Amino acid sequence: MKEAFSLRTVRKKILMLSKMAGLTLIFSYILSTRLPVSEDTSFLIWLGFVLLLVLGIDSFMGCFITKPIDKLNASAKRMAGLDFSAPCDLSSTDEFGDLSASLNTMAENLQQALARLEDANMQLERDVEKERLLLAERKELVDSLSHEMKTPLGIIRAYAEGLQDEADEAKKQKYAQVIVSEVERMNGLIVTLLDLSALESGAASLNISRFDFVELVETVAGRLLIDAPDTDFELQYELPEQKIFVRTDKRRMEQVLDNLIVNARKNVSPGGVLRMEVTAENGPLHFSIFNQGRPIPENDLPKIWTKFYRDSGAEYSGSGLGLSIVAQILSMQNLPYGAENQEDGVRFYFSIPVTK
């Protein structure tokens with residue numbers, strides 16, 4: 001019974017309104033004819049009732065039908081323009097309320113679908129950009145590797161041809177040593193390049209362990225600087241007397257020290273100063289190595305960490321990969337590093353957090 005008299009649908013609301021209007025119209029007519037007035041006056045009174053009834057019906061129809069339709073239309077237009085910022089705020093228990101809820105659900109689903117589509121497009125753009133960079137790196141790698149291989153291959157060919165025609169055993173031995181040296185150089189270049197590629201691609205992971213960094217520096221520096229023959233520089237160093245422990249990949253940090261020390265040793269001027277420092281006072285550990293000699297052009301300082309970069313004015317030749325490996329290993333651990341020109345040379349440095 002309660003459901004029969006409820007106004008949960010627009011149809012029931014219109015039927016109820018029309019019945020009430022009919023009853024009101026009949027009642028007003030009977031009332032106006034019973035009044036002790038003339039027939040014309042009675043008609044005018046009844047006409048006033050009819051006018052009020054029409055205005056009342058119009059007002060009710062506006063509340064029940066026109067305003068909900070306007071709200072639904074405005075929301076539909078916003079959604080058609082892909083604006084889902086404001087949902088339809090129509091709250092009623094009839095068909096308009098159901099339609100409003102359906103519109104809001106559709107808007108939410110569309111918004112989620114568009115968000116997923118945008119994420120997919122962004123991922124696709126990143127993948128395309130990554131593929132483009134990968135192709136560019138491969139081309140650069142092939143071009144650089146081809147250029148790097150020309151010199152040792154040319155030397156090997158020249159000395160191999162000389163070895164065929166040379167009768168002097170001493171010269172043959174010398175030619176063979178040169179060929180072996182160039183082969184080892186190419187092998188080292190390829191191994192280093194593969195190692196760098198593994199680091200860049202993420203194929204090589206870090207093996208984190210706790211160790212004394214001062215001991216590692218002493219070991220590497222002793223092998224490369226103190227025990228090295230034919231050293232023509234003045235070695236200065238400042239190392240803490242106590243142990244300083246860090247948590248990082250010990251083998252990779254040994255690579256970093258190797259490359260930085262070898263780079264400084266190759267670039268120090270004859271008889272110049274090579275100074276190495278390790279400090280850790282109330283903060284992270286700081287390593288730096290300075291070689292007295294010709295500075296790096298300021299425009300080239302950012303380039304020294306790239307593959308196959310070599311200073312055209314340097315008096316030595318190398319693979320141009322050492323500093324790239326340094327940069328990659330330190331970047332993988334978010335460790336700050338850099339290089340700077342000083343008054344009479346170049347200083348390389350990096351920092352590592354100290355652990356207990």
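Residues: numbered from 1 along the sequence shown. What you see below is based on every heavy atom in this structure, not just the backbone, and it leaves out hydrogens, waters and symmetry mates. All values derive from a computational prediction rather than experimental measurement.
Counting all heavy atoms, side chain and backbone alike, I304 lies closest to A339 at CD1-CB, 3.7 Å. Scanning both residues, V346 and P295, for their nearest heavy atoms gives CG2-CA, 3.8 Å. The two atoms that bring L285 and A280 nearest to each other are CA-CB, 3.9 Å, heavy atoms only. Considering all non-hydrogen atoms of both residues, V214 and P240 come closest at CG1-O, 3.8 Å. In plain terms, the two heavy atoms of A264 and I289 that are nearest each other are CB-CD1, 3.7 Å. Summarising the geometry of Q333 relative to I329, their closest heavy-atom pair is NE2-O, 3.2 Å, with the distance given to 0.1 Å.
Contacts classified as salt bridge (Lys or Arg N to Asp or Glu O under 4.0 Å) and involving residues 243-258 (residues at least two apart or in different chains) are given here: D195-R252, R223-E254, R223-D258. Residue pairs meeting the ring pair (Phe, Tyr, Trp, His ring centres under 6.0 Å) criterion with at least one member in residues 155-187, sequence neighbours excluded: Y159-Y175. Legend: salt bridge (Lys or Arg N to Asp or Glu O under 4.0 Å) pairs involving residues 343-356, not counting sequence neighbours, sorted by first then second residue: E340-R347.
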Practice item. Report the C-alpha distance between M186 and E182 in whole Å, list the side-chain angles of each, state the deciding distance to 0.1 Å, and finish with yes or no for side chain to side chain contact (heavy atoms under 4.5 Å, CB included). Key: CA-CA 6 Å; M186 287 194 300; E182 292 301 320; 5.8 Å; no
Exercise for review: Output, in order, the C-alpha distance, side-chain angles, deciding distance and verdict of side chain to side chain contact (heavy atoms under 4.5 Å, CB included) for L225 and I261.
Suggested key: CA-CA 8 Å; L225 298 178; I261 292 174; 3.6 Å; yes
Exercise for review: Show your reasoning for whether salt bridge (charged side-chain N to carboxylate O under 4.0 Å, His left out) applies to R275 and E277.
Suggested key: CA-CA 7 Å; R275 182 169 58 253; E277 296 180 357; 3.7 Å; yes
**Study point:** Full working for side chain to side chain contact (heavy atoms under 4.5 Å, CB included) between L257 and F213
**Key:** CA-CA 11 Å; L257 294 174; F213 192 82; 4.1 Å; yes
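Remark: the backbone N or O of Q292 is paired with a side-chain donor or acceptor of S269 at under 3.5 angstrom. Between the S324 side chain and the W305 main chain, a donor and an acceptor come within less than 3.5 Å of each other. T219 places a side-chain N or O within 3.5 Å of a backbone atom of E215 that can act as its donor or acceptor partner. The backbone N or O of V183 sits nowhere less than 3.5 Å from a side-chain atom of N187 that would complete a donor-acceptor pair. In this structure a side-chain-to-backbone donor-acceptor pair under 3.5 Å is present from N259 to Q255. Not a single donor-acceptor pair under 3.5 Å links the side chain of D232 to the backbone N or O of P270.
How far OG1 of T355 is from CZ of F245: 9.5 Å, rounded to the nearest 0.5 Å. From M332, atom CE reaches atom OG1 of T248 across 10.0 Å, with rounding to the nearest 0.5 Å.
Shown here are the side-chain hydrogen bond (donor to acceptor under 3.5 Å, both in side chains) partners of N341, two or more places apart in sequence or in another chain: E298. Among residues two or more places apart in sequence or in another chain, the side chain to side chain contact (heavy atoms under 4.5 Å, CB included) test is passed with T279 by E238, H286. For D127, the side-chain hydrogen bond (donor to acceptor under 3.5 Å, both in side chains) partners two or more places apart in sequence, or in a different chain, are Q123.
Screening Y349, Y237, F348, F350 for a ring-ring contact (aromatic ring centres under 6.0 Å, His included) with F287, the sole residue that qualifies is F350.
Under the 4.0 Å criterion applied to side-chain N and carboxylate O atoms, E129 and R126 are not assigned as salt-bridge partners. Under the 4.0 Å criterion applied to side-chain N and carboxylate O atoms, K303 and D300 are assigned as salt-bridge partners.
Atom NZ of K174 sits in a sparse spot, with 12 or fewer heavy atoms from other residues, nucleotides or ligands closer than 6.0 Å. Within 6.0 Å of CD on Q242 lie more than 12 heavy atoms contributed by other residues, nucleotides or ligands.
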